[in-house]
Amino acid sequence: MREKTEILVLGSGVAGLTFALRAADRAEVTIVTKRAREEANTAWAQGGISAVFDPTDSFDAHVEDTLVAGAGLCKRDIVEGVVREAPERILDLETLGTKFDHAPAGGAAPFELGREGGHSARRVVHAGDITGREVERALLDAAAAHPRIRFLEHHMAVDLITLSKFGGPDVCAGAYVLDTRTGTVLTLLARETVLATGGAGKVYLYTSNPDVATGDGVAMAYRAGAEVADMEFYQFHPTVLYHPQAKSFLISEALRGEGGVLRLEDGTAFMKKHHAQADLAPRDVVARAIDYEMKRTGEDCVWLDMTHHPASFLERRFPNIHAECLRFGVDMTQRPLPVVPAAHYMCGGVTTDASGRTSIPGLWAIGEVACTGLHGANRLASNSLLEGLVFGRRAAEAMIDLGPADGWSDVPEWDAAQAGPSDEAVVVTQNWAELRQLMWNYVGIVRSDKRLQRAARRIALLQDEIREYYWNHFVTRDMLELRNIATVAELIVSSALFRRESRGLHYTTDHLATDPAMARDTVVKRGVPAHFR
Ligand code: SIN
């Protein structure tokens with residue numbers, strides 16, 4: 001089957017929807033989403049969106065906090081532009097119907113502002129503790145009402161279509177897309193293709209991300225020959241609920257913003273000895289400190305104590321976290337919450353310019369899938385929804401002239417001639433589990449050359465098996481996701497092996513110092529080994 005659309009967007013989170021709503025004023029937009037449209041990483045964001053609204057705060061301070069967290073790898077011009085645009089983008093969301101928490105009338109700022117690690121001021125605009133869900137709701141409502149936006153739910157891109165593969169120019173012209181319910185693959189041709197596929201938390205055994213976060217955009221872009229950068233910088237959120245049934249439940253950093261204290265089992269508060277900002281140190285520091293304390297004491301988790309607040313405050317400010325923890329039998333108003341770190345955010349990604357253009361004409365990347373220079377070696381809390389808003393809009397504005405539709409007739413339909421039904425689906429489940437476990441054990445919060453080398457060897461073996469399986473069987477979503485997390489794992493490990501220093505989120509016991517000569521991006525491209533730029 002073959003279809004055409006003007007603009008193809010892969011992903012239905014904050015970046016993809018913001019883009020689509022703006023671009024659909026000029027062109028017809030098709031949004032492809034792997035599951036139901038609301039199942040995006042965005043909906044899981046709790047904390048909020050950072051922006052300067054308090055008169056005692058300043059753009060300079062927000063810029064400085066972002067640069068400090070980014071450990072020398074942020075692009076200053078990008079940071080300054082995003083920080084200055086932030087208040088306007090939040091007001092756009094409010095106009096669209098997003099219900100943020102407001103400050104009492106007559107207050108200095110219009111919104112109730114939260115605080116998170118690494119921020120020198122209160123500047124996190126939020127909707128209770130379900131900010132992402134509320135933002136996603138408002139954007140989806142608006143997109144559903146737009147006559148030029150079409151959703152293809154339960155569809156997953158297999159690979160990008162690049163005309164150079166069929167003797168044409170180096171241009172992206174859409175994607176092969178699997179209907180996950182029927183198993184048919186659609187040739188979806190587009191003048192412009194936008195990756196808004198989010199992150200890749202599922203590459204690690206423990207993650208705060210939903211099941212959809214399998215790094216599809218980075219993996220496809222890499223296979224298509226696009227440039228990818230800074231993949232060694234995977235952010236671990238310090239606090240996910242530690243409970244056998246609580247898969248991926250995030251305990252927002254906003255709790256520490258309201259005075260939450262991390263403690264050991266015996267009640268000792270330990271963050272002061274790790275950093276001057278104690279519990280509000282940047283995330284990489286807090287995650288490493290927890291990892292260190294857990295390894296030192298042999299305890300399975302640490303404890304986040306909020307009991308200094310009255311129950312009424314916690315129930316009002318964190319209604320979702322409070323209710324969800326109660327479901328697991330933990331009452332945060334009465335006792336500290338058991339927490340552990342988990343993979344949370346991919347700071348690297350497909351490299352783009354200030355408007356989301358990648359190194360392949362006709363291919364754009366926005367949101368977590370992109371590496372724009374905003375986050376550098378470590379993302380500042382609550383700068384991620386913000387990046388999606390800013391770059392979603394910028395890409396739509398930059399896409400004034402749609403690319404040509406030449407060469408489409410040369411694109412063949414998906415060829416499944418050699419493939420048959422799966423005879424051993426266990427290959428997928430086995431490799432999925434093995435890959436995520438080895439990434440957790442060898443490529444986690446603290447790394448070493450030896451562990452990274454072990455990981456590289458094992459990933460190469462797994463990839464051989466995955467390739468063989470891929471070419472011989474009909475494609476399924478599970479298979480494609482496995483292939484994509486394996487590619488992302490390969491890129492994280494090769495970038496981490498190349499960076500022989502510790503910086504931001506990349507911390508290795510073999511190269512503990514930060515080397516000023518390495519204040520550069522690690523770039524990888526198919527057929528070109530990792531190098532600095
Ligand atoms: C959180 O609420 O702690 C997550 C916010 C973020 O990742 O920016």
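When a ligand or atom number is given, it counts from 1 through the structure's own listing order. This one's a predicted model, so the numbers in the text were calculated from it and none came from an experiment.
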Centres of the H506 and Y234 rings: under 6.0 Å?
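No; Y234 has its ring centre 6.0 Å or more from that of H506.
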
Do S248 side-chain atoms and T207 backbone N/O form a donor-acceptor pair below 3.5 Å?
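Such a contact is found between S248 side chain and T207 backbone.
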
Heavy-atom donor-acceptor pair, S382 side chain to G48 backbone, under 3.5 Å
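Yes, S382 side chain to G48 backbone: donor-acceptor pair under 3.5 Å.
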
May I ask you to check if R451 and Y442 form a cation-pi contact, with NZ or CZ under 6.0 angstrom from the six-membered ring centre and within 45° of the axis?
no

Once the angle between the rings of H102 and F111 is folded into 0 to 90°, is it parallel (under 30°), tilted (30 to 60°) or perpendicular (over 60°)?
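Plane angle between 30° and 60°, so tilted.
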
Output for ligand 1, non-hydrogen cut-off under 4.0 Å, lists Q46, G47, E116, H237, L250, S252, E253, R283, H344, R379, A381, S382

Kindly check if the number of other-residue, nucleotide or ligand heavy atoms within 6.0 Å of CZ (F328) is above 12?
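Check passes, neighbour count above 12.
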
